[in-house]
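Here's the structure we're looking at; comments come further down.
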Amino acid sequence: MRQYKTQMKETIEVEKIICNKCGKEIFVYKGVPSEDVLEVEKRWGYFSEKDNRVDKFDLCEACYDELIESFKIKLGN
């Protein structure tokens, strides 16, 4: 989840990123996150029950590692 600094109802830049899984705050300085995150954006298609819905979320590196460790098919390096 990204929180933006706004000025006169206009979005300026990302102020901080919050991991959607654990709630960890990743601070952003001059548009650059203090640590890397996984940003996901998915627009669901016609053959889903979420037709045209857009889901967006961010995961910190620890939560990303936890997620991929649960995969039955492991990622190749």
Side-chain angles (χ1 to χ4, degrees):
M1 172 174 70
R2 296 187 178 229
Q3 291 185 338
Y4 294 87
K5 184 188 302 184
T6 58
Q7 185 175 4
M8 291 194 247
K9 297 184 181 183
E10 184 178 318
T11 301
I12 303 297
E13 64 184 30
V14 176
E15 194 169 54
K16 72 177 150 182
I17 300 168
I18 302 170
C19 176
N20 285 82
K21 185 171 186 293
C22 72
K24 177 181 180 179
E25 293 185 6
I26 295 118
F27 293 95
V28 178
Y29 180 73
K30 294 186 178 183
V32 179
S34 60
E35 60 186 81
D36 212 355
V37 297
L38 172 69
E39 178 183 6
V40 176
E41 180 174 332
K42 168 65 177 160
R43 180 177 299 274
W44 293 94
Y46 294 119
F47 302 107
S48 76
E49 304 221 356
K50 300 166 193 68
D51 186 18
N52 211 32
R53 185 174 97 187
V54 177
D55 289 335
K56 297 179 184 181
F57 63 89
D58 294 288
L59 293 178
C60 69
E61 190 170 359
C63 288
Y64 167 80
D65 290 342
E66 194 176 302
L67 173 68
I68 65 166
E69 189 61 34
S70 72
F71 289 178
K72 294 238 185 249
I73 301 170
K74 303 298 180 191
L75 299 178
N77 291 329

Look up atom [atom1] in [X] and atom [atom2] in [Y], then write down how far apart they are to the nearest 0.5 Å.
X	Y	atom1	atom2	result
Phe57	Glu41	CZ	CD	11.0 Å
Lys16	Ile26	NZ	CD1	11.0 Å
Ile18	Phe27	CD1	CZ	8.5 Å
Ser48	Arg43	OG	CZ	11.5 Å

### Message
Minimum heavy-atom separation for Cys60 and Val37, please, with both atom names.
### Response
CA-CG1, 4.5 Å
#### Entry: Smallest separation among heavy atoms of Cys22 and Cys19, with atom names
N-SG, 3.6 Å
### Heavy atoms from other residues, nucleotides or ligands near CD of Glu35 exceed 12 (cutoff 6.0 Å)
yes
### Query
Counting only heavy atoms not in Phe71, do more than 12 fall under 6.0 Å of its CZ?
yes
### Task
Check for a donor-acceptor pair, side chain of Asn20 on one end and backbone N or O of Asp58 on the other, with a separation under 3.5 Å.
yes
### Main-chain N/O of Glu69 paired with Lys74 side-chain donor or acceptor, under 3.5 Å
yes
### Query
Lys42 and Lys50: side-chain contact (heavy atoms from CB on, under 4.5 Å), yes or no, with the steps?
CA-CA 11 Å; Lys42 168 65 177 160; Lys50 300 166 193 68; over 6 Å; no
### Message
Can you tell me which residue among Val40, Asp65, Leu38, Ile17 is in a side-chain contact (heavy atoms from CB on, under 4.5 Å) with Leu59?
### Response
Leu38
